[in-house]
A.B. asks: 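Before I ask anything, here is the structure I am working with.
So that the names make sense, note that chain A is the first sequence line, chain B the second, and so on, each numbered from 1.
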Amino acid sequence: MPRYRRPTGTLDILPEDQPHWDHVRNRARHLAELAGFERIDVPMFEATEVFARSIGAGTDTVDKEMYTFTDKGGHSLTLRPEFTAGVMRAFIENGLHVRPRPLKLYSVGATFRYERPQAGRYRQFAQFNAEILGEQGADADVEIMMLVWDLYAGLGFQDLAFQLNSTGCPQCKPVYVSRLEAHYAGYPDTICKDCVRRLTLSPLRVLDCKAAQCQPVIGRAPHFLDYVCEECAEHFATLRDYLDLLGREYVVNHRLVRGLDYYTKTVFEVWAAGIGAQAAVCGGGRYDGLIELLGGPPTPGVGVGVGLERIILVMKSLNVPVPPLPAPRVFLAHLGTAARREAVRLANAFRGEDLATWMSFGDRRLRSQLREAGKRSADFVVILGEDELAQGVASVKEMATGDQVEVGLVNLIGWLKSRL
RNA sequence: GUGGGUGUAGCCUAAUGGUUAAGGCACCUGGUUGUGGCCCAGGAGACUGUGGGUUCAAAUCCCAUCACUCACCCCA
């Protein structure tokens, strides 16, 4: 029972987990840069209004999940619950709309939502985020989708498929919503109380309800895709054509809606097994009105947010191999004060030559130092004792074979480098 | 915010209500002069999550609380 514990919903990522994290982040960065995405880092907190405006009052994220605080200047600030809003603010504030279009941006970092933790859900969690700004065509949508697909495929995910739907545009969305409301008006006593609430706050969300009593109503609900306008229909058809062209699996999911208000046209998720009850490893879509809503020039956009913890959970459930932690190649063992002094000098010289070196500290028996060298998986142990010092040499033991030779101190670095 | 499950060393586990809470892994030290892995010996490490209650006696029974965990809501 330690006195201090990490805050609820946070994670300590220990050294043994770092290979997974490095691998995922490196893959994501590599793929993003291959496609011409440039990195942007935005603050971990923003004026609360940035999120409240873009994500939308009435969404759970804004209403009950934000880490909001007042700073000493009396400003209401909020830890970012997602990336898109802050990136859009930065786009506007830095005048990025004058750059060649489209602009492709990616970010990696922590996001925060105040929720009850469970498998695959944390209060601080990491996201990889990518956006394409200034392009309205479905070819931008598909590029975003391919970016995440290639990430998952490259990490060894099986049975990939997109969940795909359209949430229309300001022209057709109201039409559909009123149809949906009319449909639900026919079942006032059948639906769950959450859906009653949803119908006034965020009507599309009723489609996502999991309560058993609501399933028949949802099953008979009208499909958004039957009510989208001509432009939205064409956009969706083009996107499907690209996905077919690329041979990527997708499921048109009429019940797929997203919890953020800013989405228009395309919405998608990728689901994977291995994260408990959670399935989504990413979520994204198009948000053509968002930048204008935040006070910028009308600029279409499409983007995706990827949950890194969830990816790692899936990788672990699939036993995906990752590059291991680098081990020290050379272990410096020493006997006696004079030898330790020489070891201090050598450790520094080795590292200056890019040799990964672990120096034994203190005054310990050789046996104990060799045990440690074994535990640390060193390839070579350089042994410095009085005999060696007197002759200007070191005994070098190769741990894998047990072979041991004497090497002149002046030749040590060259000798080691030729063998590592 | 709601509901279920679980709390014994860093990790895993043991202890019919009855001595000083036991073992394994991991850690540290030693096993004759300066040589790893195996083995042997020893050591350190726990106010049994916390607070009440029942009892002659509580890790064990009861209550509360906190934490963790899973699920709901919702989402990455």
Side-chain angles (χ1 to χ4, degrees), chain A residues 1-12 14 16 24 55 58-65 80-84 108-129 148 192-195 197-198 201-202 205 208-212 256-260 269-272 275-284 304-314 331 333-336 339 360 362 364-389 395-404:
Chain A
M1 17 105 267
R3 179 167 175 184
Y4 297 111
R5 305 162 145 277
R6 60 179 177 266
T8 297
T10 60
L11 242 32
D12 293 317
L14 301 178
E16 55 267 34
V24 171
I55 296 169
T59 61
D60 277 18
T61 302
V62 168
D63 286 354
K64 55 183 209 190
E65 295 174 2
R80 62 186 177 205
E82 55 121 35
F83 272 94
T84 301
V108 190
T111 47
F112 305 85
R113 290 181 201 171
Y114 188 88
E115 297 180 90
R116 288 287 293 271
Q118 69 188 74
R121 171 181 297 147
Y122 310 95
R123 289 183 176 179
Q124 175 178 329
F125 58 105
Q127 279 199 5
F128 166 74
N129 188 261
V148 295
C192 72
K193 60 183 191 305
D194 286 330
C195 281
R197 182 173 51 88
R198 289 187 184 104
L201 283 172
S202 186
R205 298 224 56 85
D208 199 30
C209 182
K210 287 164 194 114
L256 180 70
V257 291
R258 316 225 52 247
L260 293 75
E269 293 181 358
V270 174
W271 295 350
I275 336 175
Q278 308 307 315
V281 286
C282 72
V304 64
V306 179
L308 267 37
E309 286 83 358
R310 289 185 181 182
I311 287 185
I312 287 166
L313 285 171
V314 174
F331 186 98
H334 48 80
L335 292 154
S360 174
R364 299 156 58 204
R365 316 190 65 129
L366 184 58
R367 174 192 185 81
S368 168
Q369 296 186 59
L370 279 165
R371 266 187 192 153
E372 186 186 0
K375 278 177 201 155
R376 299 197 185 279
S377 311
D379 296 308
F380 289 94
V381 177
V382 171
I383 302 168
L384 297 165
E386 287 175 19
D387 302 345
E388 286 85 353
L389 279 191
S395 295
V396 183
K397 176 168 179 145
E398 183 170 6
M399 292 298 273
T401 61
D403 296 343
Q404 186 167 321

A.B. asks: Got a sec, which pairs hit side-chain hydrogen bond (donor to acceptor under 3.5 Å, both in side chains) with one end in residues 377-388 of chain A, sequence neighbours left out?
C.D. replies: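 Applying side-chain hydrogen bond (donor to acceptor under 3.5 Å, both in side chains) to every pair that reaches into residues 377-388 of chain A, excluding sequence neighbours, yields A:R329-A:D379, A:E388-A:S395.
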A.B. asks: Rounded to the nearest Å, what distance is computed from the CZ atom of residue A:R198 to the C1' atom of nucleotide B:C74?
C.D. replies: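 Atom-to-atom, A:R198 to B:C74, this comes out as 8 Å.
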A.B. asks: Does A:Q127 reach a base, just sugar-phosphate, or nothing at all? Heavy atoms under 4.0 Å.
C.D. replies: sugar-phosphate
A.B. asks: Taking only residues two or more places apart in sequence or in another chain, which ones pass side chain to side chain contact (heavy atoms under 4.5 Å, CB included) with A:R198?
C.D. replies: A:C192, A:D194, A:C195, A:R205, A:V206, A:C209
A.B. asks: Which residues satisfy the salt bridge (Lys or Arg N to Asp or Glu O under 4.0 Å) test with A:E269, sequence neighbours excluded?
C.D. replies: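 Applying salt bridge (Lys or Arg N to Asp or Glu O under 4.0 Å) to A:E269 gives A:R258.
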A.B. asks: Specify the closest pair of heavy atoms between A:N129 and A:V304, including all atoms of both residues, with the distance to one decimal.
C.D. replies: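 So the two residues come closest at ND2-O, 3.0 Å.
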A.B. asks: Got a donor-acceptor pair under 3.5 Å from the side chain of A:Q278 to the base of B:A71?
C.D. replies: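 Under the 3.5 Å cut-off, the side chain and the base do not form any donor-acceptor pair.
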A.B. asks: Please figure out whether A:A280 or A:I275 has its closest RNA chain B nucleotide nearer the 5' end.
C.D. replies: A:I275
A.B. asks: Report the residues that fulfil salt bridge (Lys or Arg N to Asp or Glu O under 4.0 Å) with A:D403, sequence neighbours left out, ordered by chain and then residue number.
C.D. replies: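 A:D403 satisfies salt bridge (Lys or Arg N to Asp or Glu O under 4.0 Å) with no other residue.
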A.B. asks: Using whole Å, what does the distance between atom C1' of nucleotide B:A76 and atom CD of A:E82 come to?
C.D. replies: 11 Å
A.B. asks: Just how far, in rounded Å, is P of B:A76 from CD of A:E309?
C.D. replies: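 Roughly 13 Å, once rounded to whole Å.
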A.B. asks: Going by salt bridge (Lys or Arg N to Asp or Glu O under 4.0 Å), name the pairs with one or both residues in residues 367-377 of chain A, residues two or more places apart or in two chains.
C.D. replies: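 The answer is A:R364-A:E372, A:E372-A:R376.
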A.B. asks: Under the rule for side chain to side chain donor-acceptor pair (under 3.5 Å), what residues qualify as partners of A:E309, not counting sequence neighbours?
C.D. replies: none
A.B. asks: If you write RNA chain B from 5' to 3' in dot-bracket form, with Watson-Crick or G-U pairs under 3.5 Å, [ ] for crossing pairs and | for pairs with another strand, what do you get?
C.D. replies: (((((((..((((....[...)))).(((((.......))))).....(((((..]....))))))))))))....
A.B. asks: N/O contacts under 3.5 Å, protein versus nucleotides 6-8 of chain B?
C.D. replies:
none

A.B. asks: Please identify each residue that fulfils side chain to side chain contact (heavy atoms under 4.5 Å, CB included) with A:L366, with sequence neighbours left out.
C.D. replies: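 Per chain and number, A:L366 pairs via side chain to side chain contact (heavy atoms under 4.5 Å, CB included) with A:A333, A:L335, A:L370, A:I383.
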A.B. asks: Round to the nearest Å and state the distance from A:R123 atom CZ to B:A76 atom C1'.
C.D. replies: 16 Å
A.B. asks: Protein-nucleotides 28-37 of chain B N/O pairs closer than 3.5 Å?
C.D. replies:
from: B:C28; atom 1: OP2; to: A:K375; atom 2: NZ; distance (Å): 2.9
from: B:G31; atom 1: N7; to: A:R367; atom 2: NH2; distance (Å): 3.1
from: B:G31; atom 1: O6; to: A:R367; atom 2: NH2; distance (Å): 2.6
from: B:G31; atom 1: O6; to: A:R371; atom 2: NH2; distance (Å): 2.6
from: B:G34; atom 1: O6; to: A:D387; atom 2: N; distance (Å): 3.1
from: B:G34; atom 1: O6; to: A:D387; atom 2: OD1; distance (Å): 3.4
from: B:G34; atom 1: O6; to: A:D387; atom 2: OD2; distance (Å): 2.8
from: B:G34; atom 1: O6; to: A:E388; atom 2: OE1; distance (Å): 3.2
from: B:G34; atom 1: N1; to: A:E388; atom 2: OE1; distance (Å): 2.9
from: B:G34; atom 1: N1; to: A:E388; atom 2: OE2; distance (Å): 3.1
from: B:G34; atom 1: N2; to: A:E388; atom 2: OE2; distance (Å): 2.8
from: B:U35; atom 1: O2; to: A:K397; atom 2: NZ; distance (Å): 3.1
from: B:U35; atom 1: O2; to: A:Q404; atom 2: OE1; distance (Å): 3.3
from: B:U35; atom 1: N3; to: A:Q404; atom 2: OE1; distance (Å): 2.8
from: B:U35; atom 1: N3; to: A:Q404; atom 2: NE2; distance (Å): 3.2
from: B:U35; atom 1: O4; to: A:Q404; atom 2: NE2; distance (Å): 2.7
from: B:G36; atom 1: OP1; to: A:R367; atom 2: NH1; distance (Å): 3.2
from: B:G36; atom 1: N7; to: A:K397; atom 2: NZ; distance (Å): 3.4
from: B:G36; atom 1: O6; to: A:M399; atom 2: O; distance (Å): 3.0
from: B:G36; atom 1: N1; to: A:M399; atom 2: O; distance (Å): 2.4

A.B. asks: Using ring pair (Phe, Tyr, Trp, His ring centres under 6.0 Å) as the criterion, list what pairs up with A:F380, not counting sequence neighbours.
C.D. replies: A:W415
A.B. asks: Looking only at atom P, what distance separates B:U69 and B:C12, rounded to whole Å?
C.D. replies: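 After rounding to an integer number of Å, I get 13 Å for this pair.
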A.B. asks: Write down the atom of A:Q124, the atom of A:T10, and the distance for their closest heavy-atom approach.
C.D. replies: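 For A:Q124 versus A:T10, the nearest heavy atoms are CB-CG2, 4.3 Å.
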A.B. asks: Rounded to whole Å, please give me the gap between CG in A:D60 and C1' in B:C72.
C.D. replies: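 Distance check: A:D60 CG to B:C72 C1' gives 12 Å.
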A.B. asks: Give me the one residue out of A:L313, A:V306, A:I275 that meets side chain to side chain contact (heavy atoms under 4.5 Å, CB included) with A:V281.
C.D. replies: A:I275
A.B. asks: Do the side chains of A:V108 and A:L308 get nearer than 4.5 Å, heavy atoms only?
C.D. replies: yes
A.B. asks: Could you state the NZ-P distance from A:K64 to B:C72, rounded to the nearest angstrom?
C.D. replies: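 Roughly 13 Å, once rounded to whole Å.
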A.B. asks: Are any non-hydrogen side-chain atoms of A:Y114 and A:K64 less than 4.5 angstrom apart?
C.D. replies: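 The answer is no; the side chains never approach within 4.5 Å.
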A.B. asks: Got A:Q369 and A:F331 here, is their nearest side-chain heavy-atom distance under 4.5 Å?
C.D. replies: yes
A.B. asks: Using atom names, set out every protein N or O paired with an N or O of nucleotides 66-69 of chain B below 3.5 Å, distance rounded to 0.1 Å.
C.D. replies:
from: B:A67; atom 1: O2'; to: A:R5; atom 2: NH1; distance (Å): 3.0
from: B:C68; atom 1: OP1; to: A:T8; atom 2: OG1; distance (Å): 3.2
from: B:C68; atom 1: OP2; to: A:T8; atom 2: OG1; distance (Å): 3.1

A.B. asks: Within the structure shown, what part of the strands sits under 4.0 Å from A:V281 by heavy-atom distance: base, sugar-phosphate, or nothing?
C.D. replies: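 Sugar-phosphate contact only - A:V281 comes under 4.0 Å of backbone atoms but never of a base.
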